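See structure below.
For clarity, every value in this text was computed on a predicted model and none was experimentally measured. We count ligands from 1, going down the list as the structure has it; atoms in each ligand are counted the same way. Throughout, residue positions are numbered sequentially from 1 according to the sequence presented.
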Amino acid sequence: MNTLLAHDRPHMHIDLGVLANNWRTVRRTFRGQRVGVVVKNDAYGLGISQVAPLLWNLGCRDFWVSHSTEALKLRGLLPEHSTRIMVLHGLGGIAPEDFAAHGLIPVLAGPHELHQLQGYGSKHGQAMPVAIHLDTGLTRLGFTGTDLHLLHGSRLQTDIKAMIWVSHLGRFSHPDAPECLHQRHTFAAWLQQLPPAERSITTSSSVFANPAWHCDHARVGSALFGVQTAAQYQQPLQNVTSLYAPVMRVADVPAYTEVGYAGQYRTSQNTRIATIAAGYGDGLPISLAPRGVLYLKGRPAPIVGGIAMGMLGLDISAFAPGEIQPGMWAEIYGLHQPLAQLAATAGITPNALLTCTGALALRRYMSPHSGQEPLV
Ligand SMILES: *Cc1c(COP(=O)(O)O)cnc(C)c1O
């Protein structure tokens, strides 16, 4: 049985050629030395096994993941030579020696992780390469202003070698906000007191903001995957992903018919309902009902009757009889309905919608020369 051909669940189309273009756009725009790519959460739901080697082939050598499980998987996908893998959640209780053995660089999460590294230099005859989070205002991970003195000691220098200083913005979607500028100034002021290393505060939104944001190393995820992270200006990115789900059945029902569980919707006139194979088990937020729409043949059709685990209903009364048939594909997001628009309807961020739908869909990759056509 070739389940790849089945129209019984959502399919995500991922255009690797467009992803490559977005990488080139980021690389051209960022004035600093290195663009690192963030491929946490299975490359934001797109699939790290396809995405990471592609970016390596395009010249990227710095990869950021959340945790050690992702890091080990990534290690197996990429040539070891000259590739750096940074683990954003830090040591997480794993021995620093294990990180070193696999050539992984933990991003230290706070002062407590220094204890684990005490004596590393004398034991191994060299310092452990690390990156270090500096908490300039997000209040999430890293060393705060009062912790900084812990990074000065000469004994520390023999145990750890700081490769990259990392800070992350609280209001990343508004890099011009005073709070962000304050974080940037704090970062710069703290770095004057710390040993020299690469500086990394730039992410997708700030790559396209004022170049004052461009220091040595950008950590970029969303932009590569076509997700706009800054509300006030459009970044010159192309759409990479489209999500489709098939029509399973079409039925004409009279007025006063209940649609979906517990009579969530009741028709007020003769209505044509299409049942679609996509639900919350596929990552669609239940908050998409009752305001959301999906697109059929380039036209919107309202979601009616709520969102079940693997199905939802569309009111397709506006389409001609017979126009919509079982086996056709509805666009959940993509060309007609941008990911960000659907996410806004659901009251969540585009990345929240992308990561869970991508993780759960059947993913199809289109490479620049594959000649594959989209479904609809
Ligand atoms: C997720 C993440 C990034 C990537 O941000 P984008 O806006 O997707 O480019 C960068 N740095 C840290 C610490 C992150 O958690």
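Scanning the protein heavy atoms around atom 7 (O) of ligand 1, the nearest turns out to be S222 OG, 3.5 Å. Looking only at protein heavy atoms, the nearest one to atom 11 (N) of ligand 1 is R219 NE, 2.9 Å. Residue, atom and distance of the protein heavy atom nearest to atom 2 (C) of ligand 1 are K40 NZ, 2.6 Å.
At least one N or O atom of S204, backbone or side chain, sits closer than 3.5 Å to an N or O atom of ligand 1. By the 3.5 Å distance cut-off applied to N or O atoms, H133 is not counted among the residues near ligand 1. The distance criterion of under 3.5 Å between nitrogen or oxygen atoms is not met by A223 with respect to ligand 1. By the 3.5 Å distance cut-off applied to N or O atoms, Y44 is counted among the residues near ligand 1.
Looking at E323 and R272, no side-chain N of the basic residue comes within less than 4.0 Å of a carboxylate O on the acidic one, giving no salt bridge.
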Can you list, pair by pair, the side-chain donor-acceptor contacts under 3.5 Å of residues 218-227, counting residues two or more places apart and other chains?
residue, atom, partner, partner atom, Å
R219, NH1, S167, O, 3.4
R219, NH1, S200, O, 2.7
R219, NH1, S200, OG, 2.9
R219, NH2, S167, O, 2.9
R219, NH2, H168, ND1, 3.2
S222, OG, N351, ND2, 3.0

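Residues I332 and A245 come closest through the heavy atom pair CD1-CB, 3.8 Å. Smallest separation of non-hydrogen atoms from G306 and I303: O-CG2, 4.3 Å.
Think of V304 as one node in a network of Ile, Leu, Val, Met, Phe, Trp and Tyr side chains linked at under 4.5 Å; its network also takes in V253, V259, Y265, I273.
Only side-chain heavy atoms of V38 come within less than 4.0 Å of ligand 1; its backbone N, CA, C and O stay farther off. Heavy atoms of L88 found under 4.0 angstrom from ligand 1 belong exclusively to the side chain. With a 4.0 Å cut-off on non-hydrogen atoms, R140 touches ligand 1 through its side chain and not its backbone. In H168, the part holding a heavy atom less than 4.0 Å from any atom of ligand 1 is the side chain.
When each atom of ligand 1 is checked for a heavy atom of V220 under 4.0 Å away, the hits are 9 (O).
E331 places a side-chain N or O within donor-acceptor distance of the main-chain N or O of Q337, the cut-off being under 3.5 Å. Listed for the E113 side chain is a donor-acceptor partner under 3.5 Å among the backbone atoms of G92.
At most 12 non-hydrogen atoms from other residues, nucleotides or ligands lie less than 6.0 angstrom from CD1 of I286.
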